[in-house]
Amino acid sequence: MRISHQTRIVLQAFLDHPGEELYGFTLAEYTGLKAGTLYPLLQRLLAEGWLTGRWEAVDERAVGRRRRRYYRLSGVGEGRALQAVQKQTDGLRQLTPGWIG
Amino acid sequence: MNAPSPSNFTAIAILLALLAIVVGLPQDVLTGLLETGLIALLAAELDRSGRHVALRIVDVVAALLPRAQRADLVDEWHDHILTAGEQGLRPVLAAASIARAALSLAFRYRFRVWAAFYLMRAFTATLAMCLQALPALEKRLAPRPAFRLASLIAALTLPLNVVVPSAERWPLSLRIACAALAWLGIDAVIDFAIPAFLTSVIVSSVVGLALASAAPSVLGPRWMSRVIEWVGGDLVRAQLEAAGHNAGT
């Protein structure tokens with residue numbers, strides 16, 4: 001799968017919140033991505049098996065809002081995400097030797 | 001802070017207009033006042049019902065998606081807009097961004113599958129056609145032109161046989177006509193129907209939403225009739241007078 005800059009940002013958001021389930025709006029806040037960019041990306045990561053998603057089991061009327069779909073990195077996705085982010089860090093390290101520890 | 005109600009703006013705009021008429025302000029000033037009032041009205045309405053408009057935009061664009069994915073994605077997008085809790089233009093801009101996502105997903109889910117299916121068919125048909133054409137090429141120097149012609153026609157109509165297996169039993173002229181029509185149809189769909197359909201969906205959604213969401217709820221039927229009277233009153237009156245004059249003579 002091609003890893004774009006936006007994909008890396010989303011993966012980084014998941015890595016920054018390990019073990020946490022995130023839903024669309026919080027991801028948009030963490031990453032600063034627009035909804036139009038974020039949701040197709042999430043669908044692609046889901047389809048490729050990088051993410052797992054589950055629907056919140058709530059009574060929408062009781063909580064007064066729509067049900068949410070929570071995403072988290074899958075086991076495979078976590079390894080790939082670390083690789084993708086590491087690759088970028090290595091690239092930056094080569095560009096700016098000594099700046100990144 | 002709650003947005004001022006559109007009816008307050010309407011009342012203020014009408015009062016100002018009446019005052020301007022009583023005072024005898026010039027036509028330009030009067031028009032300027034009314035235009036300002038209408039723009040303020042629209043802005044107030046957008047501020048009040050921006051979130052509602054955004055949800056409707058999401059509902060409309062979601063229709064492009066396949067049914068299997070539609071409900072889940074609509075729930076997710078509605079939650080995004082409602083959780084943001086914003087008013088005015090912001091949710092509408094978020095909805096516009098989501099509309100872009102919907103188009104991209106619709107392309108991925110619908111068009112790619114459709115294109116892959118037909119490309120596969122076209123590929124199979126072309127392959128079969130090439131295999132069939134090989135003997136025809138080999139017999140290029142054959143002494144019987146009629147035989148070569150039959151091979152050529154068979155090669156051209158073979159894709160039809162692949163797509164519709166029962167076509168082998170059809171008369172030759174019908175098969176040739178169908179093959180020609182199919183090619184013309186595919187050309188027309190690719191060149192005209194798909195772009196025209198997509199353009200008409202986008203244009204009619206945007207125009208329809210703008211009209212449906214703005215005019216009636218902003219003005220209400222009573223004020224709509226007054227606006228019509230204001231915009232076209234002189235014209236209507238002139239027509240009625242002319243009709244009366246004609247009837248009199």
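The sequence lines fix the lettering, A, B, ..., with proteins before strands; numbering per chain opens at 1. Just the heavy atoms: all of them, side chains too, but no hydrogens, waters or symmetry mates, feed the values below.
- Taking CH2 of B/W77 as the reference point, atom CZ of A/R69 lies at 10.5 Å (rounded to 0.5 Å).
- Closest of all the heavy-atom pairs between B/A101 and A/A35 is CB-O, 4.2 Å.
- How far CG of B/L55 is from CZ of A/R66: 7.5 Å, rounded to the nearest 0.5 Å.
- B/D79 approaches A/R67 most closely through the heavy-atom pair CB-O, 4.2 Å.
- Within the 4.5 Å cutoff, side-chain heavy atoms of B/D75 are placed close to those of A/W55.
- Here B/E76 contributes atom CD and A/Y71 contributes atom OH; the two are 3.0 Å apart, rounded to the nearest 0.5 Å.
- With rounding to the nearest 0.5 angstrom, the CD1 atom of B/I98 is 6.0 Å from the OH atom of A/Y39.
- Heavy-atom pairs under 4.5 Å with chain B were tallied for A/K34, A/R44, A/E60; the largest tally goes to A/R44.
- In this structure, the side chains of B/R100 and A/T37 come closer than 4.5 Å at one or more pairs of heavy atoms.
- Only the side chain of B/Y109 comes within contact range of chain A, judged by heavy atoms closer than 4.5 Å.
- B/H80 and A/Y23 have their aromatic ring centers separated by at least 6.0 angstrom.
- By the 4.5 Å heavy-atom criterion applied to side chains, B/L105 and A/Q43 are counted as neighbours.
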